[in-house]
Asks: 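I'd like to ask some things about the structure below.
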Amino acid sequence: MSDFPYADRFPVNRTLPQTGRSQDEVLAELRAMASEEDQFWETGKCSGTMYSGDHEHYRFLNEAFSMFAHVNVLQRDMCPSATRFEGEIIAMALDLMHADAVEDGTPAGMVTSGGSGSILHAVLAYREHAAQNRDSQHRGITRPNFVKPETAHPAFDKACHLLGVELRTVPVDADSTLVDPAAVAAQVDDQTIAILGSACNYGYGTIDPIAELGQVALEDGVGLHVDGCLGGFILPFGKELGYDVPPFDFRVPGVTSISADTHKYGYSLKGTSTLLFRDKAYRNAQYFHLPGWSGGKYMSPGIEGSRSGGLLAATWAAMVRYGRQGYLDYAREIFATADRMKASVRSHPELRILGSPTFCFSFTSDAFDIYLVNDHLRSLGWRLNGQQYPNAIHLAVTRPQTRPGVADQFEADLADAVEHAKKQHAAGAGAESGAVYGGVAGGLTDEVEEFIVAVMSDMLDTQQSVPPAPGPA
Ligand SMILES: *Cc1c(COP(=O)(O)O)cnc(C)c1O
């Protein structure tokens, strides 16, 4: 499919139109694109991304959003409602993460623009705290480093890149997909600001040994961030339902911050996440202020300047609309659907699930290239995510998969796909989707870099620039 399917159907705007168009015409054009694009995931065949998928809920969120969309929450004197929304979102998220158990700090939090936003602010907070903190044994850290398990989200690499923090990556165990706390400890030195564990990681849906990492953090006097961007709003309910979810929240000694995305299983609009701290000293360390500016005294509690009140209102609305019972009910359906889908995978001896995953799982094959399975699933309308080292495909189960018939369809389509893969493998055929998703042999070649730059440029430019995908096939 072209990246520019609308170029033939609607005007391409390369300049501001000289005169405006009617509202009806503009809305009709938007409606056409939105409804066609929604059909793609409404089948339930798309992994992750549409966490709610419930148009009635989206209407509710959009109504909440619309009342405050135009409000700039940086100017709190004009919108005390934003203070209510943000404070209550943080309080409810802290409660979910059992901040009530904290005795060695004053829990606090902030609402950010998404998972990457929470992670960026967390790394900034640790860097600033470690640089400023006068009482800490790490006072005045000038060459900060941060330690992550390889499976942790690239947002950590991005944050460290942006903030001038050295990132140390620890490999994970191939079978369990989990990090060895001793290997993390071995990377910690006197310039380490924090370590991290995921609950759960995006690739495999597995939960790092947070309790043991907490011991490392306490022994070495460093922070421990728990990346609950994906799991934060669903794992606590999975645990309540009796699923095997090891402790990962503030009850675990040594956990100093947690990110939990409201725009994933919190079922809010895209553009929101929570970042929670065991102690407000971390959060407060990253505040920015420029009191001497000629334009007036400036301060911002996070990296963004102006922010929309609509996103705070919608997130607050989602949380109070559902409450614990609502989140629990959806978690029950999602975990049950994930169990059924994992059972479908396990029914094929050629397939192997990686580690002990939760509502999100990944599988590979030792019998054939798993991308042969992905090719066939794609031809049947499925959109699973490709992984590498080893090649694998993953599915984050969301509410659209819990609809009647979707798990049955997965079972049937997966069986067909396994047959397809066996035949293709026997015939010596390569996988098509492997070229896009599969491990890039030899790392980042010039050819691959050119391709990646072109793909990103296509997201931003009005003209096609993507060259053919580079090998290996
Ligand atoms: C999605 C995700 C992130 C990043 O979140 P964005 O909202 O995409 O910026 C970080 N960590 C994990 C585990 C995630 O699943």
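Because the structure is predicted, anything quoted here is derived from the model rather than measured. In each ligand, atom 1 is the first atom listed, and ligand 1 is the first ligand listed. Index from 1, following the sequence.
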Asks: Ignoring hydrogens, just give me the one of Lys264, Lys270, His263 whose non-hydrogen atom is nearest atom 2 (C) of ligand 1.
Replies: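 When every heavy atom of Lys264, Lys270, His263 is considered, Lys264 comes closest to atom 2 (C) of ligand 1.
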Asks: With heavy-atom distances below 4.0 Å as the criterion, list the atoms of ligand 1 near Tyr202.
Replies: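 The atoms of ligand 1 under 4.0 Å from a heavy atom of Tyr202 are 13 (C), 15 (O).
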Asks: For a salt bridge (Lys or Arg N to Asp or Glu O under 4.0 Å) check, start with the C-alpha distance between Glu432 and Arg378, then their side-chain angles and the critical distance, and finish with the verdict.
Replies: CA-CA 10 Å; Glu432 284 159 28; Arg378 279 156 68 98; over 6 Å; no
Asks: Applying a strict 4.0 Å limit to heavy atoms, is Ala396 in contact with ligand 1?
Replies: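 Ala396: no contact with ligand 1 (<4.0 Å).
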Asks: List the steps, then state whether side-chain contact (heavy atoms from CB on, under 4.5 Å) holds for Leu414 with Val373.
Replies: CA-CA 8 Å; Leu414 183 66; Val373 170; 4.0 Å; yes
Asks: Does the structure place the NZ or CZ of Arg383 under 6.0 Å from the centre of the six-membered ring of Phe40, at an angle of no more than 45° from the ring's axis?
Replies: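 No cation-pi geometry.
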Asks: Among protein heavy atoms, which lies nearest atom 11 (N) of ligand 1, and at what distance?
Replies: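 Minimum-distance protein heavy atom for atom 11 (N) of ligand 1 reads Asp227 OD2, 2.6 Å.
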Asks: Ser118 and Ser273: side-chain donor and acceptor closer than 3.5 Å?
Replies: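 Yes.
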Asks: Using a 4.0 Å heavy-atom cut-off, which part of Ser116 comes near ligand 1: side chain, backbone, both, or neither?
Replies: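 Under 4.0 Å from ligand 1, Ser116 contributes backbone and side-chain atoms.
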Asks: Short list, please: which atoms of ligand 1 are under 4.0 Å from a heavy atom of Asp261?
Replies: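 With Asp261 as reference, the close atoms of ligand 1 come out as 5 (O), 7 (O).
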Asks: Should Glu56 and Arg399 count as an ion pair when the cut-off is N to O under 4.0 Å?
Replies: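 A salt bridge is absent here (no side-chain N lies under 4.0 Å from a carboxylate O).
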Asks: Need the ligand 1 atom indices (1-based, order shown) with element for anything under 4.0 Å from a heavy-atom of Cys200.
Replies: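 Taking each heavy atom of Cys200 in turn, ligand 1 has 13 (C) under 4.0 Å.
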Asks: Need the ligand 1 atom indices (1-based, order shown) with element for anything under 4.0 Å from a heavy-atom of Gly115.
Replies: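 Those atoms are 4 (C), 5 (O), 6 (P), 7 (O), 9 (O).
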Asks: If the threshold is 4.0 Å, N to carboxylate O, is there a salt bridge linking Asp189 and Arg168?
Replies: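 Here Asp189 pairs with Arg168 in a salt bridge, since their nearest N and O are under 4.0 Å apart.
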Asks: Which atoms of ligand 1 have any heavy atom of Ile119 under 4.0 Å away?
Replies: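 Near Ile119, meaning under 4.0 Å from one of its heavy atoms, ligand 1 has 10 (C).
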Asks: May I ask you to decide if the ring planes of Tyr267 and His57 are parallel, tilted or perpendicular, using 30° and 60° as cut-offs?
Replies: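 Perpendicular: the ring planes of Tyr267 and His57 meet at over 60°.
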